[in-house]
There are 2 protein chains.
Amino acid sequence: MQSDPSETELRLLKVLWPEGRLSAREIHDAAAVDTGWSFSTTRKTLERMEAKGLIAAEPLHGIKTFVPLRSKLDVVGGLVTRFARNVLDLDGPLPAAAFTGSRLLDEGEAEELEQLLRDLSEGEGDA
Amino acid sequence: MQSDPSETELRLLKVLWPEGRLSAREIHDAAAVDTGWSFSTTRKTLERMEAKGLIAAEPLHGIKTFVPLRSKLDVVGGLVTRFARNVLDLDGPLPAAAFTGSRLLDEGEAEELEQLLRDLSEGEGDA
DNA sequence: GCATCTATGTGACAAGTGTCGCGCAGGTGC
DNA sequence: GCACCTGCGCGACACTTGTCACATAGATGC
């Protein structure tokens with residue numbers, strides 16, 4: 001049962017994705033400038049993210065490191081789909097135009113995401 | 001202090017907006033087919049929405065009626081902006097293309113919303 | 001006038017979230 | 001060997017959210 005991340009959790013994922021693998025301390029140091037959280041908070045959030053299946057904790061050389069279990073495209077795609085459906089009452093996928101300008105996705109990724117969403121919505125399209 | 005509606009609250013707003021003014025019972029009857037909630041739940045949700053300043057309760061001929069305090073465009077605009085910023089890391093407004101196909105907004109409204117978002121983001125644009 | 005139905009007020013409760021702090025255990029420096 | 005720092009497990013607490021049920025006060029039918 002992997003649920004979507006909350007906005008808070010997403011902030012940590014955003015620092016983890018580009019790196020691939022980081023320790024709690026590293027994630028915290030990178031995120032804290034924006035979040036302003038205490039280290040405890042970062043660690044607790046990481047703990048809950050692990051419970052949700054968003055990331056995995058892997059001990060490496062003695063210290064605990066975290067790796068993302070779901071890709072950026074997968075997570076963002078889920079979030080976007082949910083938003084489109086629940087807020088906008090939109091069946092089909094959002095067009096790639098919606099993602100242009102995003103600091104989270106470069107052009108290639110935006111296209112990839114659009115393709116992903118299209119595939120998804122075809123798979124579950126209504127009769 | 002008017003905060004944004006949760007997805008649950010949004011479902012009730014969506015039945016209220018087109019009508020303008022409805023009693024709790026009417027809102028419930030219209031929403032329950034989708035939500036499956038008990039009447040208690042609908043009423044409690046309405047109560048919290050009132051506390052948030054999303055709607056106002058006005059006694060009319062003895063019974064309590066509810067009217068939206070924030071327009072559809074205002075609310076959806078806020079939600080969209082928040083989503084774009086927090087999830088997509090996007091500064092500017094979402095293009096109207098994102099809204100086409102939405103069952104919530106007709107074409108005119110989609111354009112209006114785009115205009116609104118544009119104005120908003122100009123108003124607070126960074127230096 | 002009494003039984004009934006409906007509208008409202010209010011309380012309850014479990015999850016989920018945001019945010020920490022405490023305390024122990026294992027290295028490190030001297 | 002002792003003092004100290006850091007990583008980590010765990011507990012705590014307040015708030016929001018989703019979901020109801022209970023009980024009381026009018027309004028209605030006859």
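Chain naming here is simple, since letters A, B, ... match the order of the sequence lines and numbering starts at 1 in each. Any value given below was found using the heavy atoms of this structure, including those in side chains, with hydrogens, waters and symmetry copies removed.
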What residues form a side-chain contact (heavy atoms from CB on, under 4.5 Å) with A:Glu19, not counting sequence neighbours?
A:Leu22

For B:Asn86, side chain to side chain donor-acceptor pair (under 3.5 Å) partners two or more places apart:
A:Glu7

Any pair with a residue in residues 65-122 of chain B that passes ring-ring contact (aromatic ring centres under 6.0 Å, His included), sequence neighbours left out, goes on the list, sorted by first then second residue, please.
A:Phe83-B:Phe83

Could you tell me the boundaries of the chain A footprint on DNA chain D, defined by atoms under 4.0 Å from its heavy atoms?
D:dG7 to D:dA12

Residues in side chain to side chain donor-acceptor pair (under 3.5 Å) contact with B:Ser102, at least two apart in sequence or another chain
none

Can you list the residues that meet the side-chain contact (heavy atoms from CB on, under 4.5 Å) rule with A:Glu47, with sequence neighbours excluded?
A:Lys44

Using the test side chain to side chain donor-acceptor pair (under 3.5 Å), find all partners of A:Arg21 that sit at least two apart in sequence or belong to another chain.
A:Glu58, A:Thr65

side-chain contact (heavy atoms from CB on, under 4.5 Å) involving B:Glu107 - partner list, sequence neighbours excluded
none

If you take all heavy atoms of A:Leu116 and A:Leu73, which pair is closest and at what distance?
CD2-O, 3.7 Å

Under 3.5 Å, which N/O atoms of the protein pair with N/O atoms of nucleotides 25-29 of chain C?
none

Residues in side chain to side chain donor-acceptor pair (under 3.5 Å) contact with A:Ser38, at least two apart in sequence or another chain:
A:Thr41

For nucleotides 8-20 of chain C, give me one character per nucleotide, 5' to 3': B if any protein heavy atom sits under 4.0 Å from the base, S if the only such contacts are to the sugar-phosphate, - if neither.
BBBBB----BBBB

side-chain contact (heavy atoms from CB on, under 4.5 Å) partners of A:Ser23, counting only residues at least two apart:
A:Arg25, A:Glu26, A:Ile63

